[in-house]
Amino acid sequence: MKELEQIKKLTEQLNLAAKAYYQGQDEIMTNYEYDKLYDQLAALEDKTGIVMANSPTVNVGYETLSELPKEPHVAPMLSLGKTKEAAELEQWLGEQKGLLSLKLDGLSVILTYHNGMLAKALTRGNGEIGEVITNNARTFTNIPARIRFQGNLVIRGEALIRYSDFEKLNQSVADIQERYKNPRNLCSGTVRQLNNKITAERNVHFYVYNLIETDESGPDFKSKEEILAFLDDQGFDIVPYKAVRRDSVQRAITEFSDEIVHGLDLPSDGLVLTYDDIDYSRSLGRTAKFPRDSIAFKWQDELAETTLLSVEWSASRTGLINPVAVFEPVELEGTTVSRASVHNLSILRELKLGIGDRITVYKANMIIPQIQENKTMSSRLDIPERCPVCHEKTERVKENGSEFLFCANPECYAKKIKLFTHFVSRDALNIDGLSEATLEKFIARGWLHDLSDIFFLSERRDEIEQMDGFGEKSYQNLIHAIEEAKNVPLERLIYSLGIKGFGLNMAKLACRTYPVSITKMKELTVEDLVSIDGIGEKLAESFVNFFARESNDLLVKKLAEILHISMPEQNSSAKLDGMTFVITGSLEHFTNRNACKEEIELAGGKVSGSVSKNTNYLVNNDIQSGSSKNRKAKELGIPIITEDELIDMLRNG
């Protein structure tokens with residue numbers, strides 16, 4: 001059955017796109033393409049009566065993958081039906097009073113308060129089960145830690161990062177543009193961090209839009225506007241909304257649209273209309289996926305037709321080469337637009353682009369320029385066989401069902417910036433003041449050729465002090481940070497070199513097993529390294545091949561002369577010798593999970609990322625948690641211990 005095959009194909013495509021979206025990864029299709037395929041799938045399902053169990057039209061969200069504990073919601077967190085027609089909203093509202101609010105583009109979060117205190121925070125997860133992010137929520141910029149209401153209160157809102165904060169982070173945090181393409185992706189990764197210090201640094205805001213549950217001590221609400229007023233009075237920021245009737249819906253839509261076009265700081269991908277009357281809303285019930293008392297309005301994108309002038313190929317620091325469409329300038333949402341990312345080779349082929357083609361463009365969510373349609377579809381476009389930066393050969397790589405173009409040259413200038421950024425990062429040499437933007441400027445001026453050149457920047461004092469953003473004080477701070485970085489543990493130096501696949505934990509294992517000088521590391525063989533539990537053959541080969549390269553050998557010798565390298569501590573008591581631990585959940589005594597891991601390793605123990613028959617202890621402060629790691633440990637009969645019990649083992653053996 002041809003239609004059934006098409007249903008299966010569309011379901012797979014949409015689920016792959018949803019996975020990338022909800023996990024905060026690079027998008028593999030545009031919002032417009034997703035909506036178009038979703039509508040095709042829904043129409044086919046309606047026509048055939050066949051709906052796959054994993055269809056996005058019946059599933060809510062995409063199950064997240066992380067090490068955060070998971071808990072069920074007190075009520076299902078449903079998605080909303082949607083429309084792009086204002087007339088449909090008017091008809092839907094009828095004679096009822098409604099609340100029209102911004103549909104904020106962040107991450108849904110459910111907060112629970114007991115006795116006036118924040119007790120728990122959950123992500124939406126798959127709609128039935130969410131991830132516990134309580135420690136992270138406590139760092140949100142505008143969440144009250146205590147409220148006047150002393151009863152049980154469960155509310156739902158949106159965690160987000162404002163555009164202004166997103167731009168600041170892009171400028172100040174190394175590599176952030178490689179990991180996050182928009183505020184929503186950044187927020188998704190931030191809210192689900194295992195280390196809430198990172199969350200605190202990113203200025204997450206929370207806007208409440210719904211009361212899920214309260215006990216009998218709460219007010220007897222008759223309308224949702226009363227609920228929002230009550231929550232506002234408790235100290236919460238409320239999602240921007242307007243009370244509407246059928247004859248004022250269009251005016252309210254226009255007002256919201258004008259606010260967005262003129263620089264509203266809150267990411268938004270549409271509006272939500274809900275009935276104000278609570279009893280009426282409850283009487284409507286819900287479908288398997290949608291509540292019947294609310295509907296989403298997606299922005300009717302303003303389209304413009306133009307001519308494709310060229311496609312630029314932009315090389316990134318990871319080697320990824322992105323196609324960017326350049327077209328005759330057009331006016332969209334009050335601004336002039338002439339460029340749009342095409343994301344990857346798969347989307348490029350689907351659009352069948354060619355120079356001179358007539359294309360229609362729009363701004364996704366009124367912000368991000370996208371190509372909607374190619375009317376000519378000439379397919380007259382050559383994929384570059386050479387990197388635009390270093391002119392070496394490119395290669396095509398398939399990931400998550402899409403094809404991407406990469407530069408295969410390890411010495412590419414774009415990749416050099418990435419290597420320097422990694423070298424000075426926090427877990428490596430931790431040189432404060434050498435941001436990615438600063439490194440780019442230094443490299444462009446020809447001051448940095450290999451990593452050791454960083455330690456001779458003092459020779460450029462006059463030139464550095466004359467640079468934009470620098471001065472005498474900035475220069476002194478930079479040189480001080482570089483001097484401080486000369487004192488470095490061996491394992492962090494190994495990690496800083498950027499050996500493929502060799503993370504900080506692998507570097508610690510190698511250095512503690514073979515505590516030899518950095519220049520002697522080249523004498524280690526694959527056999528030596530695979531004898532270390534946790535290091536496989538591929539990682540061992542990567543390590544050996546790195547030190548075998550003449551250029552790397554020369555670099556290591558230079559660094560050995562410049563740096564004061566401390567050898568790893570050897571714990572003679574080895575209280576945890578031979579024991580393997582897995583750490584999960586939030587920590588109270590250790591600064592973060594890495595600090596806990598380091599203490600275990602110093603005591604002779606090992607830390608693994610997953611529970612197996614070789615695990616001796618699972619460390620989890622929530623022993624009764626229903627997390628997958630807890631369940632696995634119980635199945636295998638592995639003891640689950642608290643952080644306090646681990647500390648007792650570290651002290652007393």
Side-chain angles (χ1 to χ4, degrees), residues 16 20 25-29 174-181 310-326 341-351 353 379 381-425 428 436 439-440 442-444 446 448-453 494-503 506-507 522 526 529 536-556:
L16 279 172
Q25 301 165 358
D26 288 351
E27 295 175 2
I28 60 177
M29 67 173 65
D175 278 346
I176 200 162
Q177 289 180 323
E178 292 296 334
R179 292 176 284 137
Y180 304 105
K181 304 302 182 187
S310 64
V311 171
E312 293 180 356
W313 297 88
S314 175
S316 74
R317 298 160 186 84
T318 60
L320 179 65
I321 302 174
N322 293 305
V324 178
V326 181
S341 173
V342 191
H343 302 290
N344 57 53
L345 297 184
S346 297
I347 292 176
L348 192 78
R349 275 196 296 270
E350 287 171 12
L351 289 169
L353 291 176
S379 294
L381 197 67
D382 294 326
I383 309 300
E385 296 181 358
R386 299 280 175 180
C387 171
V389 175
C390 67
H391 307 296
E392 293 295 321
K393 285 187 177 180
T394 58
E395 61 182 27
R396 303 183 188 193
V397 177
K398 286 193 174 181
E399 294 179 2
N400 294 324
S402 295
E403 190 174 29
F404 299 85
L405 191 68
F406 280 88
C407 171
N409 176 19
E411 302 301 322
C412 180
Y413 172 82
K415 291 183 180 181
K416 184 178 285 191
I417 296 170
K418 174 72 174 178
L419 177 63
F420 276 89
T421 302
H422 175 76
F423 185 71
V424 303
S425 65
E436 188 170 293
L439 285 167
E440 284 190 77
F442 288 176
I443 292 171
L448 302 177
H449 297 282
D450 69 40
L451 298 176
S452 67
D453 291 332
I494 294 291
Y495 168 70
S496 76
L497 296 174
I499 303 169
K500 186 176 180 181
F502 234 75
M506 294 296 105
K522 68 178 181 180
V526 171
L529 292 163
E537 189 170 345
K538 285 189 177 180
L539 278 180
E541 288 175 353
S542 177
F543 186 95
V544 170
N545 290 340
F546 176 89
F547 283 95
R549 291 191 200 103
E550 187 177 347
S551 58
N552 291 336
D553 184 46
L554 179 61
L555 170 65
V556 164

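Everything numeric in this text was worked out from a predicted model, so none of it was measured. Heads up: numbering here begins at 1 and tracks the sequence.
To the nearest 0.5 Å, the span separating SG on Cys407 from CD1 on Ile321 amounts to 5.5 Å. To the nearest 0.5 angstrom, Phe423 atom CZ is 5.0 Å from Leu451 atom CG. Taken to the nearest 0.5 Å, the CD1 atom of Ile347 stands 8.0 Å off from the OG atom of Ser341. Considering CH2 of Trp313 and CG of Leu320, their distance stands at 10.5 Å, rounded to 0.5 Å. With rounding to the nearest 0.5 Å, the separation of CZ in Phe406 from CG in Leu345 is 10.0 Å. Atom OH of Tyr495 is separated from atom NE2 of His422 by 4.5 Å, given to the nearest 0.5 angstrom.
Counting heavy-atom neighbours within 6.0 Å of Glu537 CD, excluding the residue itself, gives a total of 12 or less.
Considering only heavy atoms from C-beta on, Glu436 comes within 4.5 Å of Ile417 through its side chain. Residues Asp450 and Leu554 fail the side-chain proximity criterion, which asks for heavy atoms closer than 4.5 Å. Phe502 places a side-chain heavy atom less than 4.5 Å from the side chain of Leu539. Contact annotation: the side chain of Asn409 never approaches that of Cys387 to less than 4.5 Å [non-hydrogen atoms, C-beta and beyond]. Contact annotation: the side chain of Val324 never approaches that of Val342 to less than 4.5 Å [non-hydrogen atoms, C-beta and beyond].
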Q: Go through the steps to decide whether Lys522 and Val556 satisfy the test side-chain contact (heavy atoms from CB on, under 4.5 Å), and finish with yes or no.
A: CA-CA 10 Å; Lys522 68 178 181 180; Val556 164; over 6 Å; no

(Q) Under the criterion side-chain contact (heavy atoms from CB on, under 4.5 Å), I'd like the reasoning laid out for Leu497 against Asn552: C-alpha separation, chi angles, the key distance, then a yes or no. (A) CA-CA 9 Å; Leu497 296 174; Asn552 291 336; over 6 Å; no

Q: Test Val326 against Val311 for side-chain contact (heavy atoms from CB on, under 4.5 Å), laying out the working first.
A: CA-CA 6 Å; Val326 181; Val311 171; over 6 Å; no

**Q.** Candidate pair Glu385 and Lys393, rule side-chain contact (heavy atoms from CB on, under 4.5 Å), full reasoning
**A.** CA-CA 6 Å; Glu385 296 181 358; Lys393 285 187 177 180; over 6 Å; no

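When all heavy atoms of Arg396 and Glu403 are compared, the closest pair comes out as CB-OE2, 3.3 Å. In terms of heavy atoms, Leu555 sits closest to Ser452 at CD1-N, 3.8 Å.
Panel note: side chain Thr394, backbone Pro384; a donor-acceptor pair is recorded below 3.5 Å.
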Name the atoms and distances for all side-chain donor-acceptor pairs under 3.5 Å in residues 541-550, with sequence neighbours left out.
residue : atom : partner : partner atom : Å
Ser542  : OG   : Lys500  : O            : 2.7
Asn545  : ND2  : Glu541  : O            : 3.1

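Under the rule for a side chain to side chain donor-acceptor pair (under 3.5 Å), Glu392 has no partner lying at least two apart in sequence or in another chain. Residues meeting the side chain to side chain donor-acceptor pair (under 3.5 Å) test with Ser425, sequence neighbours left out: none.
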